[in-house]
Trainee: 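Can you keep this structure in mind? I'll have questions shortly.
Fair warning: this is a prediction, and the values are worked out from it, not measured in the lab. Quick note on labels: first sequence line is chain A, next is B, and so on, each numbered from 1. Values reported hereafter were calculated over all heavy atoms of this structure, with side chains retained and with hydrogens, waters and symmetry mates removed.
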Number of protein chains: 2
Amino acid sequence: MTGLTPKGAATRARIVEGASAVIRDLGVAAATLDDIRAHTRTSKSQLFHYFPGGREELLLAVARFEAETVLRDQQPQLGNLTTWDGWTAWRDTVVERYRRQGRRCPLHVLTAHLGATSPGSQAVVTELMQHWQAEIATGVRHLHDAGEIDPRLDADTVAAAILAGIQGGVVIQMSTGSTRHLEAALDSALDHLRTSRLGASQLGASRSR
Amino acid sequence: MTGLTPKGAATRARIVEGASAVIRDLGVAAATLDDIRAHTRTSKSQLFHYFPGGREELLLAVARFEAETVLRDQQPQLGNLTTWDGWTAWRDTVVERYRRQGRRCPLHVLTAHLGATSPGSQAVVTELMQHWQAEIATGVRHLHDAGEIDPRLDADTVAAAILAGIQGGVVIQMSTGSTRHLEAALDSALDHLRTSRLGASQLGASRSR
DNA sequence: GCCGTTCTGGACTTGCAAGTCCAATTTTAT
DNA sequence: ATAAAATTGGACTTGCAAGTCCAGAACGGC
């Protein structure tokens, strides 16, 4: 696995990125190895050289690649959820990212396709979700520490709910083509956080720090 | 299309339901027409007799079938979102429904598969979402009219956010196998509604009832 | 009972996409 | 420089799944 010369590594990367593009265009089911081969200017033997497991292994590699992209596209805003301004900046980044992506979400399509056969893709998505949720939860704790939200809100649960809202917004966008649900989910979640303190203070909860 | 004798209609229904089961087991990609033929005790010619468009038309019919099931499984609770008790009963119904369904969501898998090639599946999902969201929005308006929530909350936006949370919870469940995110999304949304009135009253809104 | 229509069975064709193979070429190590 | 290892090209095989076809059975109106 590690025995890859720079040239080999470049070819491998070219294949993964090219496959990603082809899948974006044609969908997983329609994308054949020959399409990928043509689009990446490689040959059959190279495909199987770098991905001995064949098509499935290649698709899994593409899924990993897409998962990395998803998180990278949200930085640095995702790592900077320390103030309300930081939160709205992130919200806008996410919406814009998926607006640009349009109807087709390669990662969803890939995992829906692989999920049945290969357990590996579940692991890729699960890891992505854990990482993503952890970053959101960190942001919630910042608000928490700053006394900006109801201290009774559990950071992990809130983060899980926000993440679910995003995923659902994106999935719905795949059919409707609109980011309306994604925006509604994010805005509602932020409204929930913002207004939580008001209710808490009225109930006599302490407003720390 | 309408020229179907009872016997023919029964066979057609048997094919759709059988195909649904096969797809649930094997996934869309792996489910071949021969698998479906064997599982439904039919023949090739019947498949193409009832679905002249072949595999794709059959898959679309299955998607429609699954979409109907999704809504039916939530009734009558979904139509009864008039009180807080009604809302929590619905929340439990939804969670239980998806817990039973397990990791595999046939509708998501189908639409991810078809979405690329056939525009029809997008219509099926879009219609399902519209209907679903409309029912939720009606429930929100009930709370609204009863003065149970902040009157400034827009029913359609809130409903869109709740729907997104559900979809995302289900999608994440496909990878993790757990309904944790689905529950977090629903509970957070309900908490948002419940506590909204507190904030509103503090801001000078009337607290009715 | 007769005839047209609907429904059913299953063998057959066809096309294509995945995967194999081997030889040629380039890179890397010493 | 030279040999071993990594990389590349592309023709070839193979299997299988979608879709076609036609003949026969069951049904429905009159």
Side-chain angles (χ1 to χ4, degrees), chain A residues 1-19 21-23 25-63 109-110 113-114 116-118 120-121, chain B residues 1-19 21-23 25-63 109-110 113-114 116-118 120-121:
Chain A
M1 258 309 169
T2 55
L4 271 190
T5 65
K7 189 177 176 186
T11 303
R12 202 196 119 107
R14 196 171 81 243
I15 292 174
V16 171
E17 286 170 39
V22 172
I23 288 169
D25 285 352
L26 308 178
V28 203
T32 73
L33 292 187
D34 267 329
D35 292 329
I36 294 169
R37 191 190 50 65
H39 190 267
T40 56
R41 324 245 314 153
T42 51
S43 69
K44 260 309 181 39
S45 75
Q46 295 177 55
L47 258 41
F48 283 86
H49 176 82
Y50 292 106
F51 306 95
R55 179 185 163 85
E56 188 167 321
E57 186 178 342
L58 171 56
L59 293 186
L60 193 58
V62 174
V109 171
L110 270 167
H113 185 90
L114 288 174
T117 61
S118 131
S121 82
Chain B
M1 257 311 167
T2 56
L4 272 189
T5 65
K7 188 177 177 186
T11 303
R12 201 195 120 107
R14 195 170 82 244
I15 292 174
V16 171
E17 286 170 40
V22 172
I23 289 169
D25 284 353
L26 308 178
V28 204
T32 74
L33 292 187
D34 267 329
D35 291 329
I36 294 168
R37 191 190 50 65
H39 190 266
T40 57
R41 323 245 314 151
T42 52
S43 70
K44 259 309 179 41
S45 75
Q46 295 178 53
L47 258 40
F48 283 86
H49 178 91
Y50 292 105
F51 305 95
R55 178 186 163 84
E56 188 168 320
E57 186 178 342
L58 171 56
L59 292 185
L60 192 57
V62 174
V109 171
L110 270 167
H113 185 90
L114 289 173
T117 62
S118 136
S121 82

Trainee: Please round to the nearest 0.5 Å and tell me the distance separating atom CD of B:Glu17 and atom NE2 of B:His39.
Mentor: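 Spacing of CD (B:Glu17) from NE2 (B:His39) equals 11.0 Å.
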Trainee: Would you find a donor on one side and an acceptor on the other, under 3.5 Å apart, between the side chain of A:Asp25 and the backbone of A:Val22?
Mentor: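 Such a contact is absent between A:Asp25 side chain and A:Val22 backbone.
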Trainee: Please examine the side chains of A:Arg55 and A:Leu59, heavy atoms only from C-beta on, and report whether any two atoms are closer than 4.5 Å.
Mentor: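 Yes, their side chains come closer than 4.5 Å.
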Trainee: Does a nitrogen or oxygen in the side chain of A:Gln46 sit under 4.0 Å from OP1 or OP2 of D:dT7?
Mentor: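 Checking A:Gln46 against D:dT7: no side-chain N or O falls below 4.0 Å of OP1 or OP2.
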Trainee: Between the protein and nucleotides 20-30 of chain C, which nitrogen or oxygen pairs come in under 3.5 angstrom?
Mentor:
residue	atom	partner	partner atom	Å
C:dT26	O3'	A:Lys7	NZ	3.4

Trainee: Need the bend value for the helix from C:dG1-D:dC30 to C:dT30-D:dA1: angle between end axes, 5 pairs each end, nearest 10°.
Mentor: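 About 30°, once rounded to a multiple of 10°.
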Trainee: Distance check, rounded to the nearest 0.5 Å: B:Leu60 atom CG versus B:Thr117 atom OG1?
Mentor: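 Taking CG in B:Leu60 and OG1 in B:Thr117, the distance rounds to 9.5 Å.
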Trainee: Working to the nearest 0.5 angstrom, can you tell me the gap between B:His49 NE2 and B:Arg12 CZ?
Mentor: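 CZ of B:Arg12 is found 10.5 Å from NE2 of B:His49.
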Trainee: Is there a side-chain contact between A:Tyr50 and A:Glu57 (heavy atoms, below 4.5 Å)?
Mentor: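 When only atoms from C-beta onward are counted, A:Glu57 and A:Tyr50 do not touch, as no gap falls below 4.5 Å.
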Trainee: Pick from B:Thr40, B:Asp35, B:Asp34: which one makes a side-chain hydrogen bond (donor to acceptor under 3.5 Å, both in side chains) with B:Arg37?
Mentor: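 Single side-chain hydrogen bond (donor to acceptor under 3.5 Å, both in side chains) partner of B:Arg37 among B:Thr40, B:Asp35, B:Asp34: B:Asp34.
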Trainee: Mind checking the CD1-CG spacing from B:Ile36 to B:Leu26? Nearest 0.5 Å is all I need.
Mentor: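 So the gap between those two atoms works out to 9.0 Å.
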Trainee: Can you list, in residue-number order, the parts of residues 26-41 of chain B that come under 4.0 Å of DNA chain C, counting heavy atoms only?
Mentor: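 None, since no heavy atom is under 4.0 Å.
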Trainee: Over how many whole Å does the gap from B:His49 atom NE2 to D:dG24 atom C1' extend?
Mentor: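 Value for this atom pair: 15 Å.
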Trainee: CZ of A:Arg55 versus P of C:dG19: gap in Å, rounded?
Mentor: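 Spelled out: CZ on A:Arg55 to P on C:dG19 is 8 Å.
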Trainee: Under 4.0 Å between a side-chain N or O of B:Thr11 and OP1 or OP2 of C:dT8?
Mentor: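 For C:dT8, OP1/OP2 do have a side-chain N/O of B:Thr11 under 4.0 Å.
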Trainee: Which whole-number value in Å describes the distance from B:Glu56 CD to D:dG19 C1'?
Mentor: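 From B:Glu56 CD to D:dG19 C1': 14 Å.
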Trainee: Below 4.5 Å, heavy atoms only, C-beta onward: do B:His113 and A:Val28 meet side chain to side chain?
Mentor: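 Side-chain contact under 4.5 Å: no.
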Trainee: Could you report the tightest heavy-atom contact between B:Gly54 and B:Phe48, atom names first, then the distance?
Mentor: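 Result for this residue pair: CA-CE2, 3.6 Å.
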Trainee: Does A:Tyr50 put a side-chain nitrogen or oxygen below 4.0 Å from OP1 or OP2 of D:dA6?
Mentor: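 No.
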Trainee: Could you give the distance from OG1 (A:Thr42) to CG (A:Leu47), rounded to the nearest 0.5 Å?
Mentor: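 These two atoms lie 5.0 Å from each other.
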